[in-house]
Amino acid sequence: MPEIPEIETVRRQLEATIVNKQIKLVEITREKTFNVPIEEVLHHLEKTTVTRILRRGKIIILQFNQPISLLFHFMLEGYLKYLNPTEEFEKNYQLMLEFTTGEKLYFCKMYLGYIHLEMTTDLDQITEIQELGPDPLDIDFTAAKFQQMLTRRRKMIKPLLMDQDFIAGIGNTYSNEGLFLAGILPDRKASELQTGEIQKLYSKLRQILRESINLGGVRDTAYSSSDQLTGGFTPELKVSYREGEPCYVCGTPISYAKIGGRNAFYCTVCQH
DNA sequence: CACCATGTTAGCGG
DNA sequence: GCCGCTAACATGGT
């Protein structure tokens with residue numbers, strides 16, 4: 001589920017809550033989630049102060065007053081929970097950071113997901129990030145560049161949009177929604193899209209990602225007990241999870257098919 | 001009990 | 001090398 005808007009919503013809440021806080025205590029309950037031994041994570045994180053929170057695609061990067069980066073990817077189910085000293089949290093977690101101010105940050109359901117400690121702050125030197133395609137909201141990601149990227153690709157457009165090496169941060173939900181808004185069927189070959197269709201897909205994709213970020217993304221776990229933002233975009237979804245329900249534009253029942261092994265939702269009248 | 005969902009990667013055949 | 005398909009990963013829900 002988590003794609004750019006959901007990840008960016010988390011990043012912004014981290015920025016608002018943990019920047020400039022010092023880590024007092026670190027607890028780890030699942031070594032497999034990490035790329036280095038537990039002792040190494042504890043050694044590098046304890047007593048450090050959070051300085052920056054970055055995002056590349058679906059990856060969040062915490063940086064500190066030390067030359068290290070803590071990367072994490074939620075994959076399917078991962079989420080964060082930020083709690084006040086007065087709040088109790090007993091559910092399973094794989095990493096807990098307690099700050100000197102008393103708040104605790106829990107990393108939950110990081111089973112398929114990962115938390116990686118890297119000994120650099122230079123993102124260009126980190127493999128997981130080197131492999132990513134451009135971020136669709138990046139200023140350098142222009143319509144002309146998008147068109148040029150699509151020309152040689154014979155792949156179906158939906159799986160291509162979800163390919164993180166091609167573009168970083170789009171998954172099942174926003175590929176469905178973007179293609180609906182652009183009027184393009186999900187199994188069209190990328191190289192066969194017309195210039196006008198590519199332009200429309202480019203602008204609709206960026207527009208929906210921005211709107212969703214502003215509304216807190218799609219149904220997701222709340223960051224904290226005071227979090228009123230997360231999930232605000234859920235009622236705005238046009239086709240995702242609406243199989244058989246009427247299209248908001250033409251009334252035709254929304255179709256569903258496996259495309260590239262993934263659930264595609266689309267309207268056979270509005271999309272060509 | 002089996003199956004499905006999520007994101008990602010690896011492996012296989014065309 | 002590219003493309004599409006399948007399985008695997010871990011877990012919870014039906």
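In the text below, chain A, chain B and the rest are named by the order of the sequence lines, each starting its count at 1.
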Item checked: Distance in angstrom units between Y79(A) OH and dA10(C) P, rounded -> 19 Å
Next item on the list: Give one of base, sugar-phosphate or nothing for F166(A), where a contact means two heavy atoms less than 4.0 Å apart.
Entry: nothing
Checklist line | For atom CG of D187(A) and atom P of dC5(C), their distance in whole Å | finding: 10 Å
Checklist line | Q164(A) side-chain N/O to dG7(B) phosphate OP1/OP2 under 4.0 Å | finding: no
Check: When the ring planes of Y106(A) and Y93(A) are compared, do they come out parallel, tilted or perpendicular, using 30° and 60° as the limits?
Finding: perpendicular
Next item on the list: Could you work out which one of dG12(C), dA10(C), dG4(C) sits closest to the side chain of K109(A)?
Entry: dG12(C)
Next item on the list: Calculate the interatomic distance between L160(A) atom CG and dC3(C) atom P; express it in whole Å.
Entry: 8 Å
Notebook entry, point to check: Counting side-chain heavy atoms from CB outward, which of dG12(C), dA10(C), dT8(B) is closest to Y111(A)?
Noted result: dA10(C)
Item checked: Contact nearer the 5' end of DNA chain B, comparing E131(A) with E77(A) -> E77(A)
Notebook entry, point to check: Taking OP1 and OP2 of dT8(B), is either one under 4.0 Å from a side-chain nitrogen or oxygen of H73(A)?
Noted result: yes
Next item on the list: Check the surroundings of atom NZ in K47(A): do more than 12 heavy atoms from other residues, nucleotides or ligands lie under 6.0 Å from it?
Entry: no
Checklist line | Closest to the K58(A) side chain, choosing from dC5(C), dA5(B), dT8(B) | finding: dT8(B)
Notebook entry, point to check: Hey, does the side chain of K32(A) come within less than 4.0 Å of dA10(C)'s phosphate (OP1/OP2), counting only N and O?
Noted result: yes
Check: Does the salt bridge (Lys or Arg N to Asp or Glu O under 4.0 Å) test come out yes or no for E197(A) and K200(A), once each step is laid out?
Finding: CA-CA 5 Å; E197(A) 292 177 315; K200(A) 193 165 184 186; over 6 Å; no
Notebook entry, point to check: What is the distance, rounded to the nearest whole Å, between atom CD of E3(A) and atom P of dT8(B)?
Noted result: 9 Å
Check: Can you tell me how far C1' of dC3(C) sits from CD of E192(A), to the nearest Å?
Finding: 13 Å
Checklist line | Atom-pair distance (CD1 on I259(A); P on dC3(C)), nearest Å | finding: 16 Å
Item checked: Atom pair distance, as rounded to whole Å: CG in L76(A) and P in dT11(C) -> 12 Å
Check: Just checking R262(A): base, sugar-phosphate only, or nothing, at a heavy-atom cut-off of under 4.0 Å?
Finding: base
Next item on the list: Write down the distance between NZ (K258(A)) and P (dC3(B)), rounded to a whole number of angstrom.
Entry: 14 Å
Note to self: Quick check on dA5(B): is either OP1 or OP2 less than 4.0 Å from any side-chain nitrogen or oxygen of N172(A)?
What the structure shows: no
Checklist line | Under 4.0 angstrom between R152(A) side-chain N/O and dC2(C) OP1 or OP2 | finding: no
Next item on the list: Would you mind checking if R242(A) and E245(A) are paired as a salt bridge, meaning a charged N to carboxylate O distance below 4.0 Å?
Entry: yes
Margin query: Using 30° and 60° as the class boundaries, would you call the ring planes of F72(A) and F74(A) parallel, tilted or perpendicular?
Written below: tilted
